[in-house]
Amino acid sequence: MSPFERLLTRRRFLELSRSGIGAAALATLFGNDSLLAQPAGNTGSIMSGLPGLPHFAPKAKRIIYLFQSGAPSQHELWDYKPKLSDLRGTDLPASVRGEQRLTAMTASQTSFPLVPSIFQFAQHGESRAWVSELMPHTSHIVDDLCFIKSMHTEAINHDPGITFFQTGAQLAGRPSIGAWLSYGLGTMNSDLPTFVAMVSKGSAQVGQPLYNRLWGSGFLPTRYQGVKFLSTGDPVLYLSNPPGVDDQTRRGFLDDLKILNEQKEEEYGDPETSTRIAQYEMAYRMQSSVPELTDLSDEPDSIFELYGEDSRKSGTFARNCLLARRLAERDVRFIQLFHRGWDHHTRLPRSMQLQAKDVDQAQAALVTDLKQRGMLDETLVLWGGEFGRGPYSQGVLTDDNYGRDHHPRCFTIWMAGGGVRPGTTFGQTDDFSYNILENPVHIHDLHATMLHLLGIDHTKLTYRFQGRDFRLTDVHGSVVESILA
Amino acid sequence: MKIELRAIIVSVVCVLSVLCGYARYGVITTSAQNPSKAIDYLSDVQPILAEACYDCHGPNGSSRQANLRFDTDDFLNEVVVPGNPNASSLLQRLISDDSIGRMPPLSSGRTLTHDQIDVVRRWINNGAEWGVASGIPSSLERLVDFEREIRPILSNNCFACHGPDEQGRQGGLRLDVKNGFHEERVGFGGAVIIPGDAENSLLFQRIATDTQSQRMPRGNDALSPNEIEAIRLWIDQGAEWKTHWAFVPPETPGLPEVIDKSWPRNPIDRFVLSRLEDHGIPPSEEADRTTLIRRVTLDLTGLPPTQGEIAAFLNDDSPSAYEDVVNRLLASSRYGERMAVEWLDAARYADTNGYQTDGERSMWRWRDWVIDAYNKNMPFDQFTIEQIAGDMLPSSTREQQIATAFNRNHSQNGEGGIVEEEFLVEYAVDRVQTTSTVWLGLTLGCARCHDHKFDPVSQKEFYEFFAHFNNIPERGKAFKYVNSPPLIAAPTADQENDLKILDAQLQEARESFVAMESLLLESQSEWENSINASNQIDWALTDKLIAHYPFDGNIAGAVQTDTQVHTVLEDGQPHFVEGILGSAITFDGHRFVNAGNHPDIGYDDEWSLTAWVHPKAKDGVIISRASSGDQGEVGWGLYLENGKLRLSLSTRILDDGVAAETVDDIQLNEWQHVVATYDGSKTPSGMKIYVNGTSIELTPLLDLVGNRLPKRYPLRIGASGSGKPRFQGYLDDVRIYGTVLSPIRAKIVSTRESISEISDIEPEERSRAQTEKLRLCFLDQYAPHQLQEIWRKIVSLEDDRKFLLESFPTVMVMKEMYPRRQTYRLERGSYDNPSEAVNPGVPAVLPPLDQNVAPNRLALARWLVDPEHPLTARVTVNRFWQMYFGVGLVKTAENFGTQGDFPSHPGLLDWLATTFIDSDWNVKAIQRAIVTSATYRQASHVTTQEFESDPENRRLSRGPRIRLQPQVIRDQALAISGLLVEKIGGPSVKPYQPEGLWADMVEGGYGDYVESDGDDLYRRSLYTFWKRTLGPPTMMTFDASTRETCIVRTDRTNTPLQALNLMNDTTYIEAARRLAENMMSNGGNTPEQRLAFGYQSSTARRPSPGAQTVLVSGFERHMEHYRSNRSAALELVSVGQSTRDETLDVAELASYTMMASLILNLDGTITKE
């Protein structure tokens, strides 16, 4: 095609966009690899979603998921079980345990002495929600929160458990939640990734490892995978120019590259080439948009005070919460924090205090901050780990020390904003927080609900792989209608 | 409506070849299609739109998308530009190659054929005339092809409830087998199908009815009018049914006739050209020679051609010049490396275990086996049999056993607390999925929980296949940081050679020693006689002694090395009593000796503890480096537990460690000698305990090593750091050896008589241990010089040999268990839900296993490569095709089942498959055929129109133009710049990686990335260390598979992260600087020459005048900048570990570096053209 013909074609497109199917449809039209090449990659630019999505009007524009890796104990934080105090040191009744399998860490333990939380609980807010003393700041925002005390899973070990939460399946290979959203909904901004993951180490220093697959794209094309921000060096891999190369030099380089690649496209006619040109331009924009995002010098002291002193330190959960708000402001759709260090098989009282201190103020600040900026209504905030912990002590129970093993049958998560009913508690567990008494919510149900809030029917967001239409919720899941605002 | 078949063929042949251009698989035609044939809206276009678009853009208002409807002429104004298909968004959406923009959406499962798209394009081109439609189009009857049209409709819409899944099957009706259709449906008023009579066939009635309660598919949208029409036609035309093509063994097809007889170079081209001629599309001309040599060199070796190779080819006038290049490349050892990359992806090869901690493993010997097999051109049947069942071949060689590591490459879980049985199932499932994807192109894994929904594979058959892979003496819980059994030592050729040399030397030394027997006997006897009362001597075994506490009146320990260990007695003063050898130390349950952080022994080491023990209580720690961890005793120690001796190593007492204790109690209140040995095998069977020189029976207590042994606790004698009871009684002569004491040496150590005392005993009265002690003492201390020398040589050679053996890499392999582990069908695929027992077998839809041999893994391996097998050869050649053209002849390279894509060139696929088999599975030969075909040699230029009508080049009317694989992008940069270090095989290496990438995510304290040094920074990317959960970023950015599961087809995406990687990564900046140095040193004298040199190094071509202008002006701009910013220039050219050529001016070098970087970033550099 001659340059003139191509020009004609382009002009024709532009005319169309004014008269006919509209700009949004036009953007969709070109997808990733065709002539007018809207640059692809979830790492920014206009990446369109699937036609027909959202399926209905969304309640939330974005999600901030504060994932607590290692599985925090519901007993010490949210699920108040006063009757355990009377039963302290007695064995978990067999009738309660039923057929539940145990991990090999406690399966050969000879007794299962019940242990109540060593921390005190009190009721807060108008919703009178019970929260432990470990979460003083979060206690103040309970009227914005929706607690789900009846989460459950099948996994009893970390790797399958966390993989299940992030991808809807216990084994590696499926796309993560954020990858599904990028695939379905595309991106809302033009110079930042649409799916960002951030990691922080917990003070308890019993961190379970994390894996790329938790924000990976599984069998979806890799452009849908999350971009993990690094806590040291460049926030995004290879973002900075090499030493000795300044912005002006880079710009000149890119201008040369553009001309040479255009010549190449001229010669070969491969639309992939023009996509590549656009991706280099996007990369260049990211070189300024990402540092601008992570440069907190424009945040007032009051904000650092709100999020806590930790927020001044790179790599902390508090800093990541603050960055999450900035990402949300810049229309990043799915922001996921992973805070490590909640795996408390032993020395739980000590570790819980450290971990709670890591997260309490900052998570409350994030909700408060979003609210005061009028963003909470359109931002779904989630908090929770991969499973819960059992009511009996792992290892020896002493006056001030005990541990808890993994427990899949019930645990607590909370949500805020984004179309979820505030100030509520959903689901109820028995006196041991061992079994669910009412309203169980499975991981698949949670995923269905998250998608629903973003305007997606979870049964209709599918991708064909190996001859089968896969979805985030596999063949399960139903929206938890009762918690919708 | 019944129509004579023959009449249809005659009357519609023109239309047919438009609509079903390649339905004529196997039919030989001599007439090319006339491309200018008029397109009729009603008969040609509307059926396509009705089928593909009406669901969302049709009459049904509530589900209509974007308020766009195609059943009225509204859409003409919106998405069609009459006369200009390129400007019509309708066409744009139909042809988009992208999953997002494409229509119909990928999620709909619908795909328009290229021919259908062609019809739409031509219709728009001809002016897009519209006609009023009336209900189901009464189109000209066309011949419906069951394989291409009907089975996909049935598979997509019916099989889920009326398919192979017996439990999910509704109403007992099965539509995936021929019998199902002809079934009389009692109570439903007729037959499912009456061939030739759609109106009276239940199938048609039920899909066509308007009655909601009757209509099928139940609960889903109705089939599209076009689908219903296709079914009607198919029934009316006789309802011919065929077995799914991929389940029928391929037969060598006849070669199609072609008009242009000059174009084809080999049979491949006949198939390709014949289809092109049907469409009236000419093939592209041959690519120019520089493009061709670059393409084929990248394809066959994964590296670019050198400038010399290019020049040689350009200057070679011989008609076989190209074939000669191909032969040279196939003979190059780089070929095996390039082929291995694809295979490593399929085999989910990695250097780590995958789950949770993702600790390191060592499987590179298998990787090197693969490279070697490809380079040797091992026939594919042998390649298959050795990897699936090399261990079961008669007198299998070590290499054949290494080959079986293929099925041990999966992830393994060492996470604490896992249920072992659960993961044993996962490992076998992974083997089934990988084996079935790689060889069969089938998604057998879908039948794990229930019968397969689409393909005729029952759940029971899944477990019969699974049984082949479920008979391995392995454990569900893997070791976290090393290989897990079964494994073998797998020395490299060099190491084997070293061993041979050592063994020869050892044998020679031993022979010399034997030859000196008379000297030995004489001199020893002389020496014994010289020992007398005035010459009291003693001696103890000191070989490999790493710690010794004689407790002769003081507590200072002596070690064999010169390091003195500081020892203190805590909790009071030392107390000594008379001991066995000199005095002994006493413990009262409080006191203990803290001997400092020494020695360093753990799970993987060999060691022995020895002591004289006089216990006064049934419980007490004898010696330990242990304390209380999170969940009990952590570390190693020798304990008295309720009167029994226990040797224990543990990371977590309940589920992570190894321990055993004596069956019988030890005697209290008397002296006895204790030896405990451990051989580094991480199992209780590797432990022995001797009391007074006699080995005694042990009870294994813990056999679950996963982690590493903590080494932070000091050596304590008489105590542990935990609350375990301390020792009460006496201890004497405590020793630690860094070896497993043999039974006789254990006896020698426990022999309390001194040398003098033994020499006083008459030789025939001496025990064997006494005799040996005397002999060893003599050789060690008193023998004549020549005897001692040869003795020490033997000892030293034995040490060397052991050291060498320990340095051998190991590799996890397959092995059979006898008796077999019984396999069960697992309800819902769950490990704890076994149902009936099953035996090894294969799905009935495929040929049976050889009935004359035992149904085991070896039989399975041979079955896979039986010439009559319908899948293996097709699946394999299809992957080769995919390597070269980016897309396989069957696009779904991983799925040849009913949900897979129909081949673009079925005849070609079968020709390749049968030719492959007939050549005795000659891998290089079939690849040579592909790359020497005219099809492969076409230029890859494309016009917009061509691109639109065939974005993926399924018709093969042009050569491949594809962005390079991640490994090739990096390897090419290293090669161009001269940094590449070519060395085949060896342990994986760790090239540049940004700091902190692992630190954020790994388990505390373990596994930070430690960059390699020197040569290892510049090895080919297939040697890059692959951490499964955190893959190498330069690879992952360019769409590498994670190696967590078997992948035989990857997407290629185009993202800004790739741009950042190529522009800023140390790898590419250093390569740019090295290329710049080359440009300056070897590229000529002027910027023009040097820039052209760099450009040609990377793209094989001279820059065009236009490109040259850009390069020169860019260079001058950089020069201007760096001349006045010399410190910046210096920074830039100092990137990377390789030394800079300091004779070059830094400003100039920096400027060329920027230009070299530009060249490495060019679309043309990272693309195969």
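What you see below is based on every heavy atom in this structure, not just the backbone, and it leaves out hydrogens, waters and symmetry mates. This structure is a prediction, so every number in the text was calculated from the model and none was measured.
- Counting only distance, with no hydrogens or angles, the side chain of Q279(A) and the backbone of Q1058(B) share no donor-acceptor pair below 3.5 Å.
- Using a distance-only test at 3.5 Å, with no hydrogens or angles considered, no donor-acceptor pair links the side chain of Y268(A) to the main chain of G1164(B).
- With a threshold of 4.5 angstrom between heavy atoms, L1111(B) approaches chain A through side-chain atoms but not through N, CA, C or O.
- Using a cut-off of 4.0 Å between Lys/Arg side-chain N and Asp/Glu carboxylate O, R101(A) and D832(B) are scored as not salt-bridged.
- Side chains of Y280(A) and N1161(B): a donor-acceptor N/O pair is present below 3.5 angstrom, by distance only.
- Chain B forms more heavy-atom pairs under 4.5 Å with one residue of L171(A), V199(A), I156(A), I277(A) than with any other, namely L171(A).
- Contacts of E420(B) with chain A are absent, with no heavy-atom separation under 4.5 Å from either backbone or side chain.
- Heavy-atom pairs under 4.5 Å with chain B peak, among V396(A), D405(A), L230(A), D255(A), at L230(A).
- Looking at R963(B), the atoms closer than 4.5 Å to chain A (heavy atoms on both sides) all sit in the side chain, from C-beta outward.
- Of the residues considered (I259(A), D270(A), T232(A)), D270(A) shows the highest number of contacts with chain B, using heavy-atom pairs under 4.5 Å.
- Contact of Q205(A) with chain B is not made at all, since no heavy-atom distance falls under 4.5 Å.
- With sequence neighbours excluded, the residues satisfying side-chain contact (heavy atoms from CB on, under 4.5 Å) with N241(A) are V245(A), R250(A), Q287(A), N1064(B).
- Among the candidates E281(A), E267(A), Q208(A), the residue making the largest number of heavy-atom pairs closer than 4.5 Å to chain B is E267(A).
- For S940(B), the parts sitting under 4.5 Å from any heavy atom of chain A are the backbone and the side chain alike.
- Between the side chain of R340(A) and the backbone N or O of D1000(B) there is at least one donor-acceptor pair closer than 3.5 Å.
- Comment: D1163(B) does not engage K264(A) in a salt bridge, judged by the lack of any side-chain N to carboxylate O separation of less than 4.0 angstrom.
- Here the closest non-hydrogen pair linking F423(B) and P160(A) is CZ-CG, 3.9 Å.
- Looking at F219(A), the atoms closer than 4.5 Å to chain B (heavy atoms on both sides) all sit in the backbone: N, CA, C or O.
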